[in-house]
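Residue numbers begin at 1 in each chain, while the letters A, B, ... track the order of the sequences. No hydrogens, no waters, no symmetry mates; every other heavy atom, side chains included, goes into these values.
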Amino acid sequence: MDKYEAQQIEVKWQQVWADARAFEVPNPEPGARGEERKSYVLEMLPYPSGTLHMGHVLVYTLGDVLTHFRRRNGFEVMRPMGYDSFGLPAENAAIAEGGHPREIVERNIEHIRSEMKRMGWAIDWSREFSTHDPEYYRWTQWLFLQLFEAGHAYRKAAPVNWCPNDQTVLANEQVKDGRCDRCGAEVEARNLEQWFFRTTAYADHLLDEMDQLDWPERVLAMQRHWIGRSEGAEVLFRVEELDLDLPVFTTRADTLFGATYFVLAPEHPLVERLAADSPNGDELREYVRRAGAKPAAERAAGADKTGVSTGFFATNPVNEARIPIWVADYVLMEYGTGAIMAVPAHDERDGAFAERFDLPVVTVVDEDGQLVESAQFSGQPHTEGGEAIVEWLGTRGRGRPAVNYRLRDWGFSRQRYWGCPIPVVYCGDCGIVAVPDSDLPVLLPEIEDYKPKGVPPLAQADEWVRVDCPRCGKEGRREVETMDTFVDSSWYFLRYCDAHNDQAPYDREIVDYWMPVNDYTGGVDHSTVHMIYARYFTKALNDLGLIGHREPFKRFFGNGWVTQGGSKMSKSKGNVTGPDALVKLYGADATRLYILFIGPADQDMEWNESGIEGTQRFLRRLWRVVGEVVEQAPAGEPGEGGIARKAHRTIARVTDDLGRRHQFNTPIAAVMELVNELAKAPGDQAARFAAKTAVSLIQPYAPHVAEELWEQLGHERLWEQPWPTHDPALLEEDTFELVVQVNGKVRDRFVVPVGLSEDELVARAKESPKVQAQLNGGEIRKTIVVPRKLVNLVLG
RNA sequence: GCCGAAGUGGCGGAACUGGCAGACGCGCCGGACUCAAAAUCCGGUGGGGGAAACCUCGUGUGGGUUCGAGUCCCACCUUCGGCACCA
């Protein structure tokens, strides 16, 4: 038998699979039901910023192991691949290096695709697409219009990071220490009209329907916190001078009698009005300007409270007290109503502020948790008292129970070039008008310069911008903002189901067959934003009758990060190791094995190449041992000898690890053990069976060498063979090693037959000379017998 | 500060329901093969004591529950991740 030549074998089998279209799966016949048979295995699609790194190798190898495992367990598996190809990095690369973002991503995609093929991942390439293809983003636009026309999308003013020097909006990651990372200018806050999806309308659904999900608890917890539901009350404070009511949200209505002042966020729309009539209006405006410019991090870290009094007063509805209205940046516009009642006695932050500005402090809950100084509510326990106060306010129309969320609506417009155009037209007469379906896609126009200059880059495309209003025919202007790439990735899993449909984003019946995704795999860094948005999108589309399911990802496996030098591999940090050199040196199979062998896949792992030779060594050893087995092992039934039992035990372990425990490193160790044992007895009666088993079990990890060895063992097409099953009878042993403890410490161990009674086990334990020595004539107070495991003798 | 995850040999890690701590691999040490080296193969490898049989200590720290704790409970320390003046 020849030497193990990874390169040669891998390229050979990759060609065989491609020719056989081995991993393409057809769509169902109309009317087919998928629940029992289908399995949709998906990993988060890559962003084509450069080449693959070991983080990608981890995710896609994980997905690959699941794909093979499910396929061979009788499921019809769809496992597609695509590229999240719109977005900022490509646009910035185009600005920095010249060229078109499209050329850049398409070049990267080509490279990534060839790397993926060289890794031998079992992908259904017939479903491949990129989100920047007009054939794809046409339907992104179409879906947006469905949501827009149903009232899910709207426009409102919201602050953005603005660089006054570059005249452009900056993403959070482009702001370093409050300065533009390109030119160093101090970043300002600017209010811009932008597009939003009403994600908050789905807050409760997003929370409640989590019970349908088989996700890691830590990810569910992150989402729960992100949504941040909290129950409390909304209470109206009267501002007499302005003749209006200001609502506040509070979780501590029980402390209302202790509210001694009132605070508005600097961004609160009322502040402008107050400044106009306030004696210290100038000071107020200056404070608001500075607070807006203050980097969020600094504002958040600021232990020192700052603020300005407005000179206006609000009336506390419980006791008619007139309390001063302040403006302070410790109150956030994004949370609650942007206004709070301040209770210095019972809120740490209010307390610090009151001390700084010498504001009154009134204690209304005593050490026993009873209300005091609270009129007719005094003496009640504060929890019940709070409810009573809200109820009393309700009868007077000044308050009601309310629920507040941390979750905000999703701002999805970007003042950028490289994204999906938002298909609406602004008309002087008709307002915002949807582009009709027949005019989709709204193609991204070619422009000269991707740098924004005060206006989004698309505004340069004058010809393109000017367009007749689809409704009245008068001249209108196209939307020049593009969509957030999270919109693209909120439905890509639907498109895979019916990737080349040119009449619709997908056929509803086909999507209903494949969806939801059975196994979703990706970095935990997407546990909140992407996975909340995708869940929101799914629910909204379901409510529009466009799909039949409400949750996109039934099971989720969040893989850890592959770090190098302690931080996550990324092109921008320059700490990237890719698969290419490893494949050349060790082969794809050894690389795939190694990335899953180095540790639990759901935990972060520091990349360290030194062990990869071990997995290569293992494959060589497997190769050699299989060769010896082919030469030496007798034909015929494996029987029930030692190596047969070991093989059955290994099947049971690997199957349980992959199927139930979602553990990907230990199966490799289990197969290594089997191979180690087989190496000692390649001529054993059961050696052929053991070799087959080892090859078959390692196939999801190392499919090329497995296929080659499978053939050498006289079989064909391992990739479509049923997953091996173990014989439970062969897991049973006739004997076991009895552990004998004295006072809980192991003193002896010896092999005994299965089936001895407890008394017999104890008797044997006592016979042991080593145990005798420990007993030393002492009295046994208690004996513990754990069947099939141990005897513990406790001395008095 | 809050929420979550994790702390086990020189290193990555294993030990699933409380029952032999350290599977598997890396590294290292010794041996075989070789003129030699690489590769490969065989053996060893937690600390301390002992010539050895064996004894003893040992899973971040301190307590506790239990016949028995890496695993359960309480308090704490450290690291990583998420969120954060959240009303």
Side-chain angles (χ1 to χ4, degrees), chain A residues 3 216-226 228 230 232 248-252 255 259 263 265 296-297 299-305 328-332 334-343 346-350 352-353 404-406 524-525 527-528 560-561 563 566 568 593-594 597-600 602-606 608-615 617-618 620-621 624 653 656-657 660-661 663 665-673 675-676 679-680 737-749 770 773 780-786 788-795:
Chain A
K3 218 177 134 219
E217 185 49 43
R218 62 179 169 147
V219 176
L220 293 174
M222 266 193 246
Q223 290 218 347
R224 248 179 244 120
H225 184 239
W226 190 266
S230 77
V248 302
F249 173 76
T250 178
T251 53
R252 294 296 307 274
T255 63
V263 189
R299 193 167 150 178
D304 53 323
K305 296 277 178 286
D329 67 5
Y330 80 92
V331 174
L332 307 176
E334 307 85 59
Y335 189 78
T337 62
I340 63 155
M341 64 167 197
V343 185
H346 303 292
D347 182 283
E348 221 176 288
R349 294 151 302 165
D350 297 344
F353 190 86
N404 189 57
Y405 300 91
R406 211 184 72 90
V524 268
D525 42 330
S527 297
T528 44
W561 289 352
T563 60
K568 191 186 170 190
L593 267 175
Y594 184 60
F597 183 63
I598 47 180
D602 57 352
Q603 282 168 35
D604 293 352
M605 51 189 93
E606 172 72 9
N608 178 350
E609 212 164 300
S610 70
I612 190 167
E613 286 182 37
T615 55
R617 215 170 283 161
F618 162 67
R620 287 209 197 108
R621 188 176 168 83
R624 194 194 80 229
R653 267 176 77 184
D656 190 46
D657 281 352
R660 179 181 64 88
R661 297 181 67 202
Q663 201 160 307
N665 52 336
T666 46
I668 302 172
V671 177
M672 283 174 170
E673 278 185 50
V675 173
N676 287 346
K680 289 177 193 143
E737 191 176 59
L738 179 71
V739 171
V740 183
Q741 298 180 334
V742 177
N743 288 336
K745 287 190 178 154
V746 179
R747 293 303 175 181
D748 200 4
R749 56 191 80 159
K770 288 176 191 171
I780 296 171
R781 184 166 55 86
K782 191 172 179 182
T783 58
I784 310 279
V785 180
V786 181
R788 302 288 303 269
K789 276 209 177 87
L790 63 78
V791 169
N792 186 12
L793 305 174
V794 185
L795 297 184

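If you check B/C26, B/A23, B/A21 against the side chain of A/Ser610, the one that comes closest is B/C26. Closest to the side chain of A/Ile784, from the set B/C55, B/G82, B/C67, is B/C67. If you check B/G82, B/C85, B/A21 against the side chain of A/Met222, the one that comes closest is B/G82. Counting only heavy atoms from C-beta on, A/Trp561 has its side chain closest to B/G81 among B/G4, B/G81, B/C67. Among B/A21, B/C67, B/A15, the nucleotide with an atom closest to any side-chain atom of A/Thr666 is B/A15. For A/Tyr335, the listed nucleotide lying nearest its side chain is B/C86; candidates were B/G25, B/C16, B/C86. For A/Asn792, the side-chain atoms get nearest to B/C67 when compared with the rest of B/G12, B/U40, B/C67. Taking the side chain of A/Arg617 as heavy atoms from C-beta on, and the options B/C26, B/C16, B/C83, the nearest nucleotide is B/C26. For A/Gln663, taking side-chain heavy atoms from C-beta onward, the closest of the listed nucleotides B/G19, B/A15, B/A21 is B/A15.
As rounded to the nearest Å, B/C26 and B/G19 have C1' atoms that lie 30 Å from one another. The separation of B/G22 from B/G70, taken at their C1' atoms, amounts to 11 Å, rounded to a whole angstrom. Comparing B/G10 with B/U78, their P atoms sit 23 Å apart, to the nearest whole Å.
Note on A/Arg224: every side-chain N or O is 4.0 Å or more away from OP1 and OP2 of B/C2. Listed pair A/Lys789 / B/G19 fails the phosphate criterion, with no side-chain N or O lying under 4.0 Å from OP1 or OP2. OP1 or OP2 of B/G25 sits under 4.0 Å from a side-chain N or O of A/Asn676. Contact between the side-chain N/O atoms of A/Arg624 and the OP1/OP2 oxygens of B/C41 is found at a separation under 4.0 Å. The phosphate of B/G18 (OP1 or OP2) has no side-chain N or O of A/Gln741 nearer than 4.0 angstrom. Phosphate proximity of B/A84 to A/Arg406: present, with a side-chain N or O under 4.0 Å from OP1 or OP2. Listed pair A/Arg653 / B/A23 fails the phosphate criterion, with no side-chain N or O lying under 4.0 Å from OP1 or OP2. Side-chain nitrogen and oxygen atoms of A/Asn608 include none within less than 4.0 Å of the OP1 or OP2 phosphate oxygen of B/C11. Between A/Lys305 and the phosphate of B/C85, there is no side-chain N or O to OP1/OP2 separation shorter than 4.0 Å. A close approach under 4.0 Å does occur between a side-chain nitrogen or oxygen of A/Arg621 and OP1 or OP2 of B/C41. Residue A/Arg747 has a polar side-chain atom (N or O) positioned under 4.0 Å from OP1 or OP2 of B/U56.
A/His225 NE2 to A/Gln223 CD: the interatomic distance, rounded to the nearest 0.5 Å, is 13.0 Å.
Mapped onto RNA chain B by nearest heavy atom, A/Pro600 and A/Lys782 fall at different nucleotides, with A/Pro600 at the one closer to the 5' end.
Across all non-hydrogen atoms, the minimal contact from A/Thr255 to A/Met341 is OG1-CE, 3.8 Å.
Cation-pi geometry between A/Lys305 and A/Phe353 is not met at under 6.0 angstrom from the ring centre and within 45 degrees of the axis.
Other residues, nucleotides and ligands contribute only 12 or fewer heavy atoms inside 6.0 Å of the CD atom of A/Glu348.
Base orientation of B/G31: anti, the glycosidic angle falling outside 90° of 0.
Listed for the A/Asp748 side chain is no donor-acceptor partner under 3.5 Å among the backbone atoms of A/Val739.
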